[in-house]
Amino acid sequence: MSLASDTFEKPLRVASVNVNGIRAAYKRGMQDWLLDRDVDVLCLQEVRAPDAVVSALLGDTWHVVHAEAEAKGRAGVAIASRLPFSATRVGIADDYFATAGRWVEADFTVKGSTLTVASAYVHSGDVGTPKQDDKYRFLDAMSARLQTLRNSSDHALVVGDLNVGHTVRDIRNWKGNLKSAGFLPEERKYFDSFFSPEGGYVDVHRNLSGDVDGPYTWWSWRGKAFDNDVGWRIDYHLATQRLSDAAVNAVVDRAASWDTRFSDHAPLVVDYSI
């Protein structure tokens, strides 16, 4: 199959995954997953590695843009693509986060239309601390950036670990987390706004999965969370309406067992018939 920008013979496959350290993920088998998945655009979060390591692990068949965090061993987001980029940008238009490694964008030309993809890693937060203040500041910047992308591209897609469960369907133990970062009413209001008619974005995974619990994308390494599916759905594809209408399939690539996971997050893979 040709991967030239104007000659797609199949839907565009976009995968997002928080790798929890790309070196560790590769040691645990991420490459085997990737080789079998026929991904066109791969968005990564918590890369935690320098550019040279990212490029070496992914190999020379990918176009890569990587926003490395200034703090070593922290954050880092990347977009790897089989398609060439027409433009790339690092950062979320707030200088406070310029070196945080939490937002990167790439533009593509697909059948004459511009597609902008962003890989995002929102702060986990911590109630009552500066970490939570940073999370709200980032969500404010994200809100503004979403509208800029919506107005400047034919199709906009923001994916990644957004570290908020939007509704009670998104967290197995939601009652026990009503006062926890990741499920605070103030955080969830941002997502109400994103997915409102005025916000203009669609939660693609939820839209395709329907009104069901999960499917979850993150489970703690501790205890029996994974075995008992006590998870959180905090990894998203946020798409503008026309792009969402083109989404034909969404799958969480949940590992077969706890010991075969390459990260505490599972990849979220969506096919777009653009």
Across all chains, not counting sequence neighbours, the salt bridge (charged side-chain N to carboxylate O under 4.0 Å, His left out) partners of R145 are E105
Sorted by chain and number, sequence neighbours left out, salt bridge (charged side-chain N to carboxylate O under 4.0 Å, His left out) with K224 holds for D227
Distance only, no hydrogens: is a donor on one side chain within 3.5 Å (strictly under) of an acceptor on the other, for D107 and T116?
-> yes
Looking at R137, I want to see if its CZ is surrounded by more than 12 non-hydrogen atoms of other residues, nucleotides or ligands under 6.0 Å. yes
Sorted by chain and residue number, the side chain to side chain contact (heavy atoms under 4.5 Å, CB included) partners of R48 (sequence neighbours excluded) come out as N20, E46
Requested in this report: Determine, for Y121 and R102, whether the Lys NZ or Arg CZ falls below 6.0 Å from the six-membered ring centre while staying within 45 degrees of the axis.
Outcome: yes
Residue set satisfying side chain to side chain contact (heavy atoms under 4.5 Å, CB included) with D211, at least two apart, ordered chain then number -> R169
**Asked** Think R188 forms a cation-pi with F183, using NZ or CZ under 6.0 Å from the six-ring centre and within 45 degrees of its axis?
**Response** yes
Review point. So, D203 versus H166: side-chain donor-acceptor pair below 3.5 Å or not?
Key: no
Given the options L243, L238, L12, V41, L157 meets side chain to side chain contact (heavy atoms under 4.5 Å, CB included) only with L243
Side chain to side chain donor-acceptor pair (under 3.5 Å) test vs Y272 passes for just one of H237, H155, R13, namely H237
Original post:
Parallel, tilted or perpendicular: which describes the rings of W218 and W232, with under 30° parallel and over 60° perpendicular?
Top reply: perpendicular
inquiry  = Assess the residue pair T260 and S257 against the criterion (side-chain hydrogen bond (donor to acceptor under 3.5 Å, both in side chains)); give the C-alpha distance rounded to whole Å, side-chain angles, the decisive distance to 0.1 Å, and a yes or no.
reply    = CA-CA 5 Å; T260 58; S257 61; 3.2 Å; yes
Which of L162, D161, I234 passes side chain to side chain contact (heavy atoms under 4.5 Å, CB included) with V122? It is L162
Q.
I'd like to know whether S16 forms a side-chain hydrogen bond (donor to acceptor under 3.5 Å, both in side chains) with Q45, so could you lay out the CA-CA distance, the side-chain angles of the two residues, the decisive distance to 0.1 Å, and finally the verdict.
A. CA-CA 8 Å; S16 178; Q45 302 89 43; 3.2 Å; yes
*State whether the side chain of Q147 and the backbone N or O of G199 hold a donor-acceptor pair below 3.5 Å, judged by distance alone.*
yes
Legend entry - Worked verdict on D51 versus H66 for side-chain hydrogen bond (donor to acceptor under 3.5 Å, both in side chains): CA-CA 7 Å; D51 287 341; H66 174 216; 2.5 Å; yes
By side chain to side chain contact (heavy atoms under 4.5 Å, CB included), D245 pairs with (sequence neighbours left out) Q241
Would R233 and D170 count as a salt bridge (Lys or Arg N to Asp or Glu O under 4.0 Å) here? Give the steps.
CA-CA 5 Å; R233 192 182 74 92; D170 298 322; 2.6 Å; yes
message: Does atom CG (D60) have a neighbourhood of more than 12 heavy atoms from anything else shown, all under 6.0 Å?
response: no
Query raised in the report: Cation over ring, R254 on Y216, under 6.0 Å and within 45°?
Result: no
Q: State whether a side-chain donor-acceptor pair under 3.5 Å links W219 with D264.
A: no
Exercise for review: Given side chain to side chain contact (heavy atoms under 4.5 Å, CB included), test F195 with R206 step by step and report yes or no.
Suggested key: CA-CA 11 Å; F195 303 137; R206 171 60 65 216; over 6 Å; no
Requested in this report: Go through the steps for F97 and H123 under the test ring pair (Phe, Tyr, Trp, His ring centres under 6.0 Å), then give the verdict.
Outcome: CA-CA 11 Å; F97 299 113; H123 304 66; 5.5 Å; yes
Side chain to side chain contact (heavy atoms under 4.5 Å, CB included) filter on D253, not counting sequence neighbours, yields W33, R37, V251, P267, V269
Notebook entry, point to check: Between Y96 and D134, does any side-chain donor sit less than 3.5 Å from a side-chain acceptor?
Noted result: yes
